[in-house]
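Have a look at the structure below before the remarks.
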Amino acid sequence: MSFDPDEFLDTAFRNSYDVIINNKSAQDMIESDVGYFVHDPSAPDSANEALLEEMREYFSDTEEYEKCIEINNYISKTFL
């Protein structure tokens, strides 16, 4: 199996989204061998506003606007 950096990055963004926005368990993802994240799930402050804006931009680029809305809502509730 070859390493695809785009696929790795996509998985990391999706996993971080699921942990931060959907409150899924990072531990379950790690145990199932797909434990890649763009944030440090063991450090709650790693999900900062700058990271969330980067996530929003990523999902905007992939035209997943529902995720962008959820991220905006999370930013508004958490940081504003």
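Just so you know, residue 1 is the first one in the sequence shown, and it goes up from there. Worth saying up front: this structure is predicted, and the values here are computed from it rather than measured. Every heavy atom of this structure was used, including side-chain atoms; hydrogens, water molecules and symmetry mates were not.
- Contact of the Tyr17 side chain with the His39 side chain is not registered, since no non-hydrogen atoms from C-beta on lie closer than 4.5 Å.
- Residues Leu9 and Leu52 are members of one and the same hydrophobic cluster, defined by side-chain heavy-atom contacts under 4.5 angstrom among Ile, Leu, Val, Met, Phe, Trp and Tyr.
- At distances below 3.5 Å, at least one donor-acceptor pair connects side-chain atoms of Asn48 with backbone N or O atoms of Ala50.
- Annotation for Glu57: atom CD does not count as buried by contact number, only 12 or fewer foreign heavy atoms lying within 6.0 Å.
- Side-chain heavy atoms closer than 4.5 Å link hydrophobic residues (I, L, V, M, F, W, Y) into clusters, and following such links, possibly through other members, connects Val34 to Phe37.
- Rounding to the nearest 0.5 angstrom, the gap separating the CG atom in Asp18 from the OG atom in Ser25 is 11.0 Å.
- Transitive grouping of hydrophobic side chains (ILVMFWY, heavy atoms separated by less than 4.5 Å) brings Leu51 and Ile21 into a common cluster.
- One hydrophobic cluster, built from ILVMFWY side chains closer than 4.5 Å, cannot hold both Val19 and Phe79; they sit in different ones.
- Taking CD of Glu54 as the reference point, atom CD of Glu49 lies at 13.0 Å (rounded to 0.5 Å).
- Here the closest non-hydrogen pair linking Ala47 and Ile20 is CB-CD1, 3.6 Å.
- By the 30° and 60° cut-offs, the orientation of the rings of Tyr58 relative to Phe13 is parallel.
- Annotation for Ser60 and Cys68: closest pair N-SG, 3.4 Å, computed over non-hydrogen atoms.
- No salt bridge links Lys67 with Glu70; every basic N to acidic carboxylate O contact stays at or beyond 4.0 Å.
- Using modelled atom types, no side-chain atom of Thr11 and backbone atom of Tyr36 make a donor-acceptor pair closer than 3.5 Å.
- Listed for the Thr78 side chain is no donor-acceptor partner under 3.5 Å among the backbone atoms of Ile75.
- Between the CG atom in Asn72 and the CD atom in Glu53 there is a gap of 8.0 Å [rounded to 0.5 Å].
- There is a side-chain donor-acceptor pair under 3.5 Å between Thr62 and Glu64.
- Taking every heavy atom of both residues into account, Asp40 and Ser46 meet most closely at O-OG, 2.8 Å.
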